[in-house]
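Just follow the structure's listing: the first ligand is 1, and inside any ligand the first atom is 1. Values in this document were obtained by computation on a predicted structure and should not be read as measured data.
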Amino acid sequence: MESLRAEPTVRRDNFLSMYDDGYDHAAVERRWQEAWDDASAYRTPDDVEDPTYVLGMYPYPSGQLHMGHVRNYTITDAYARYRRMCGDDVLHPMGWDAFGLPAENAAKERDTNPRDWTFDCIDTMKTQMESMGFGYDWDREIATCTPRYYKWNQWLFTRFLEEGLAERRAADVNWCPDCETVLADEQVEGDDELCWRCAHPVEQRELEQWFLSITEYADQLVDYIDELEGWPDSVRQMQRNWIGRQGGTRLEFDLSGPDAEYGGVEAFSTRVDTLFGATFFALAPDHPIAEELIKADDSVREFVRHEADPDGDEPNGVATALTATNPITGEELPVFVADFVLSDVGTGALMGVPAHDDRDYVFAEKMGVDITPVVAPVPEDGTDPEAPDVSEGAYTGDGVLVNSESYTGLESAEARERLTEDIEGAEHHTQYRLRDWGISRQRYWGTPIPIVNCPACGSVPVPEEQLPVELPDFINTTGNPLDAAEEWKRTTCPDCGGDAVRETDTMDTFVDSSWYFLRYVSPELADAPFDLDRANDWMPVDQYVGGIEHAVMHLLYSRFVTKTLADHEGLDHREPFTNLLAQGMVQLEGEKMSKSKGNVVSPQAIVSEYGADTARLFMMQAAQPERDFDWSEQGVQSAYSFLTRLKELVESYAAGEIETTGEAGPIAGYVDSETEAAVVVATEEYDELVFNTAVRGAQSLVGVLRQYREYTAVHAATFERALSVSVRLLAPVAPHLCEELWATLDTEGFVVDAEWPDSDADRETVEKRRRLVENTREDVRQIVNVAGIDDPERIDIAVTPEWKHEALNVAIDSDAPNVIGELMQHETIKRHGDDAASYGQQLQNDREALQRTLAPDTELEALESAAWLIEREFDAEVRVLAAEDAPDDVAKKAEPSRPAIDIRE
Ligand SMILES: [Zn+2]
Ligand SMILES: [Zn+2]
């Protein structure tokens with residue numbers, strides 16, 4: 001997809017240091033890419049039922065994959081691989097958002113044509129994707145610039161036309177004189193209104209344009225956002241804001257001037273309850289009455305022509321000689337022409353209520369207009385409401401009406417209802433910020449709009465059997481290229497057969513991307529855009545991943561087109577994407593990478609130096625996918641070192657270089673429980689796409705295995721299972737090396753297709769066990785330090801007595817204000833006398849923070865199995881004791897999850 005913040009890549013010199021103890025990643029990666037390819041490992045047969053559909057937003061073929069792409073596609077690839085190992089059929093396709101202005105500009109610069117340039121870029125980027133090990137079903141590849149794809153854009157357009165959802169009308173458009181094209185509002189940037197692509201100031205022009213009637217679906221689009229629970233809240237809110245639905249009242253104010261009567265002028269207000277506080281009326285600079293005034297009133301003309309700035313920070317305006325009659329009070333209000341009133345939002349006229357609107361307030365202060373409060377906050381103590389103090393600013397909340405004649409005392413909501421009923425001509429009205437989707441572009445490299453303009457018949461759609469209308473050869477011109485294609489342009493009218501001219505505009509490329517996810521379902525299909533039955537089985541996309549810059553337009557257009565296909569083409573789905581992840585940026589020293597700043601790190605450089613697995617692992621472990629993170633050379637190296645160590649460990653084991661035993665002691669128990677823990681954590685986190693936590697779990701298991709090997713002869717079955725689990729847990733992120741190691745472990749088939757490891761362990765228990773072991777080790781360290789013990793000889797660890805564990809649970813369950821009395825009702829606790837009383841007091845003091853702990857026998861077992869880590873760290877004998885086996889003075893100090901520790905020198 002053409003990104004609004006494309007990050008072109010350039011190679012930075014001298015930033016890669018040589019790294020000598022590594023592995024031959026190039027050979028490993030090539031070997032498995034070829035093996036997967038030979039086996040068609042990622043192909044999704046047409047006959048699978050409802051595969052898990054995992055999709056990354058397809059890229060604009062700009063020439064090179066950048067870090068943003070690599071992160072985006074590593075996320076989808078890791079997730080797709082995880083789902084596949086869980087036993088799902090997976091659909092994970094890739095294609096090219098291949099039309100667009102940059103190709104045209106690049107072709108001009110290079111004296112070639114956009115098609116050749118685009119396919120060159122596609123070749124390069126596809127090779128780069130393959131080198132990253134992304135597991136795509138390339139049999140489903142699409143490129144939107146091919147006639148067999150864009151034919152269906154044209155078909156879609158004619159279907160819209162038939163359903164009354166497309167129309168041609170004159171419209172003011174944003175025009176970039178430099179790019180010579182119409183720009184969408186979102187492509188006009190900043191207060192200076194500059195072209196997003198070339199930074200040239202944008203102008204307004206009136207042109208005949210084709211529009212798709214997305215506004216017909218405004219209510220559906222906004223209502224259904226609430227149901228999109230798999231989308232980030234931020235994106236849902238951006239869509240709501242973009243649609244901008246507001247309920248309010250339309251009412252008329254009579255306008256008159258010294259020389260003319262203008263009759264009723266419509267205004268829209270969401271706050272008609274503040275009508276008694278209206279102290280001015282304002283017109284947009286291009287309101288028809290303002291345009292009338294320009295002719296006679298010099299100051300209005302001066303303001304409209306030279307001062308009005310709708311995007312300025314401050315509201316500006318000019319007084320006129322007109323007055324407006326407040327329809328409820330009959331009061332005459334001054335009329336201004338003001339630049340904060342927009343003609344394309346609402347009616348281009350508004351009532352100004354400075355006491356209750358921030359912007360009106362600033363404007364009134366500036367123009368010396370009265371500020372009259374008429375809505376008061378509801379007093380909490382039940383006293384009479386008092387008009388708010390508005391000497392410093394507006395009161396913008398709802399409340400109770402004051403100074404409002406017979407409406408005084410009504411609450412805002414009721415007052416809005418009553419006033420809308422009572423005022424003649426007033427009515428409820430819903431207004432939207434959303435505008436129809438203008439799709440006409442005056443460029444070459446896009447889908448020709450399939451219309452023939454006939455002098456006799458008007459605009460006639462090209463019949464389906466004549467589609468696609470193919471692009472002519474590239475025409476390098478400064479104007480509209482298709483308009484200059486004289487021969488191509490001339491045609492005959494499909495209706496009357498007379499001489500006619502083709503439409504010479506092409507479509508906005510957002511049309512291409514508004515339905516491409518459906519084409520992957522049946523990319524070869526010749527007689528329809530997609531196979532309906534299969535689309536009904538396979539859609540919606542289960543997990544969609546892409547940049548936040550597409551949070552509004554692409555996603556909104558895709559939702560719109562999906563709804564129209566549901567209404568008119570029998571698609572069973574009304575929303576295209578069930579779950580959406582908007583990935584964060586890869587930055588360098590806290591800054592976005594950009595060519596202009598010269599701080600771009602090329603993914604290809606990392607791949608050649610360290611391999612794709614390292615690049616992927618580094619990206620996935622650096623942060624949660626939604627977060628921005630800093631690229632770091634050190635992070636890349638540490639990922640590489642980890643993979644190197646993993647490889648060494650698996651290969652030493654397979655080669656019989658690790659001493660083994662058939663006897664499973666407590667250490668094997670510990671390794672087993674850590675293996676279970678890694679599985680439980682990784683599974684939960686992969687499910688939620690929290691790759692960094694998933695990967696950390698697997699990495700720490702590998703760390704444990706290395707320590708195990710160094711400490712003693714390993715229990716073969718336990719060790720082998722843990723290695724096999726580690727390799728599988730890491731396979732979604734580092735697929736090549738894990739495939740190599742999977743083969744080294746002498747297993748059947750690809751790790752790609754291996755079964756995801758399973759565990760019955762419970763995550764909470766797993767985490768309690770780990771915390772217990774970690775805290776106990778930390779306590780031992782502290783004691784050794786504080787007591788200055790140089791060479792501990794024996795460390796005794798005593799687990800809590802049963803009665804304390806029971807007392808803790810009683811305290812957690814108790815509702816009593818003081819828990820001690822309740823504890824003393826339990827004979828098993830009470831018989832511990834003073835100890836019970838003092839522990840009871842401690843529980844009472846900590847009441848709010850009490851948490852359930854592992855039972856004493858589970859604690860004992862967890863600590864016994866981890867004792868070797870403490871022995872290894874302190875080179876001392878470690879005894880883990882049940883309370884009853886420990887000396888009284890030691891056992892006494894033990895508490896649930898906090899064993900007592902006694903160290904002898
Ligand atoms: Zn431009
Ligand atoms: Zn005709």
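In this structure, Asp483 pairs ionically with Lys489, as a charged nitrogen and a carboxylate oxygen lie closer than 4.0 Å. Using a 4.0 Å cut-off between a side-chain N of Lys or Arg and a carboxylate O of Asp or Glu, Lys597 and Glu589 do not qualify as a salt bridge. Classification of Arg236 and Asp233 as a salt-bridged pair holds, one side-chain N sitting under 4.0 Å from a carboxylate O.
A cation-pi contact links Arg169 to Phe211, judged by a cut-off of 6.0 Å to the six-membered ring centre and 45° from its axis.
A donor and an acceptor atom, one from each side chain of Trp445 and Thr118, are located under 3.5 Å apart. For the residue pair Gln237 / Asn241, a side-chain donor-acceptor distance below 3.5 Å is found, with atom types taken as modelled.
The Zn ion (ligand 2) has Cys454 SG, Cys457 SG, Cys493 SG, Cys496 SG as protein N, O or S atoms under 2.8 Å away.
Among the backbone and side-chain atoms of Cys195, an N/O/S atom is found under 2.8 Å from the Zn ion (ligand 1).
At a threshold of 4.5 Å between non-hydrogen side-chain atoms, the residues Glu575 and Thr562 do not count as touching.
The angle subtended at the Zn ion (ligand 1) by SG of Cys198 and SG of Cys179 is 110°, given to the nearest 10°.
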